[in-house]
Amino acid sequence: MLYVFGEWTLDTQRYELSRAGRVSRLRRKAFQVLAYLLAHPDRVVSKQELCEQVWPQQFISDAALESTIKAVRQAIGDSGREQRLIQTVYGQGYRLIAPVEERPESSSEDEVMALTLEPPAAPLLPDAAGEDHSLAPAVLADPPHEPTT
């Protein structure tokens, strides 16, 4: 899945966070926290829910969670003061406030099928005067001969 938010794209299959074509690597837990917040945009995700999803069957301190949120914010250029993308709802949890667009990522098999189903484009050739008429494809076969009488 691709999540596009602000200037950023999170690719959950490639495990990459990118901005303007530049890839940033996130630590595993920071990546998982960001992915979970992106999957649940515009609602408050409680600290407990986040911990259960990212650290299942483990107890972690509030300090560890806050440290992970800080790493996510630093990676996406947000801060605890500005909170342009991730908002802290004190005593409750966190909410992603940037608009998020989800794009299912096509598999390489889908891309291969699309390429094999498309007919090849007719080659374009210059005319006798050497001018390129790019809108008109060249005729490759001889026209049928008309019978002469």
Pairs flagged by salt bridge (charged side-chain N to carboxylate O under 4.0 Å, His left out) wherever residues 22-38 is involved - sequence neighbours left out: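 Non-adjacent pairs meeting salt bridge (charged side-chain N to carboxylate O under 4.0 Å, His left out): E16-R25.
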Residues that, via side-chain heavy atoms closer than 4.5 angstrom, fall in one hydrophobic cluster with F59: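 Result for F59 is none, singleton.
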Nonpolar side-chain network containing L2, other nodes, edges under 4.5 Å: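 Hydrophobic cluster check, L2: no partners found.
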Non-hydrogen atoms of A35 and T12 that approach each other most closely: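 What the structure gives for the nearest pair is CB-CG2, 4.5 Å.
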For W8 against S24, the heavy-atom pair lying closest together: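 Answer, listing the atom of W8 first, then S24: CZ3-OG, 4.3 Å.
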Hey, does [Y] have a side-chain heavy atom less than 4.5 Å from the side chain of [X]?
| X | Y | result |
| --- | --- | --- |
| Y3 | E101 | no |
| L65 | C51 | yes |
| I76 | I86 | yes |
| M1 | R103 | no |
| L26 | L34 | yes |

Worked check of side chain to side chain contact (heavy atoms under 4.5 Å, CB included) between L38 and L96: CA-CA 7 Å; L38 288 167; L96 193 85; 3.2 Å; yes
Sequence-distant partners of R14, side-chain hydrogen bond (donor to acceptor under 3.5 Å, both in side chains), two or more places apart: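 Expected list: none.
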Set of side-chain hydrogen bond (donor to acceptor under 3.5 Å, both in side chains) partners for Q53, sequence neighbours left out: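 For Q53, no residue satisfies side-chain hydrogen bond (donor to acceptor under 3.5 Å, both in side chains) once neighbours in sequence are set aside.
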Partner residues of E49 under the salt bridge (charged side-chain N to carboxylate O under 4.0 Å, His left out) criterion, sequence neighbours left out: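 Once residues adjacent in sequence are excluded, the partners of E49 under the salt bridge (charged side-chain N to carboxylate O under 4.0 Å, His left out) criterion are R43.
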Within residues 59-71 or reaching into it, pairs that qualify as side chain to side chain donor-acceptor pair (under 3.5 Å) - sequence neighbours excluded: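 Every pair satisfying side chain to side chain donor-acceptor pair (under 3.5 Å) with a residue in residues 59-71: there are none.
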Within residues 84-97 or reaching into it, pairs that qualify as side chain to side chain donor-acceptor pair (under 3.5 Å) - sequence neighbours excluded: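 Every pair satisfying side chain to side chain donor-acceptor pair (under 3.5 Å) with a residue in residues 84-97: D42-R95, R73-T88, E82-R84, Q87-R95.
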Contacts of type side-chain contact (heavy atoms from CB on, under 4.5 Å), residue Q48, not counting sequence neighbours: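 Q48 satisfies side-chain contact (heavy atoms from CB on, under 4.5 Å) with S46, E52 once adjacent residues are dropped.
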Hphob cluster co-occupancy, V72 + W55, side-chain heavy atoms under 4.5 angstrom: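 Yes, V72 and W55 fall within the same hydrophobic cluster.
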Hphob cluster co-occupancy, V45 + I60, side-chain heavy atoms under 4.5 angstrom: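 Same hydrophobic cluster.
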Working for side chain to side chain contact (heavy atoms under 4.5 Å, CB included), residues L50 and V33: CA-CA 7 Å; L50 203 50; V33 165; 4.1 Å; yes
Qualifying ring-ring contact (aromatic ring centres under 6.0 Å, His included) pairs, either residue in residues 19-42, two or more places apart: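 Every pair satisfying ring-ring contact (aromatic ring centres under 6.0 Å, His included) with a residue in residues 19-42: Y15-F31, Y36-H40.
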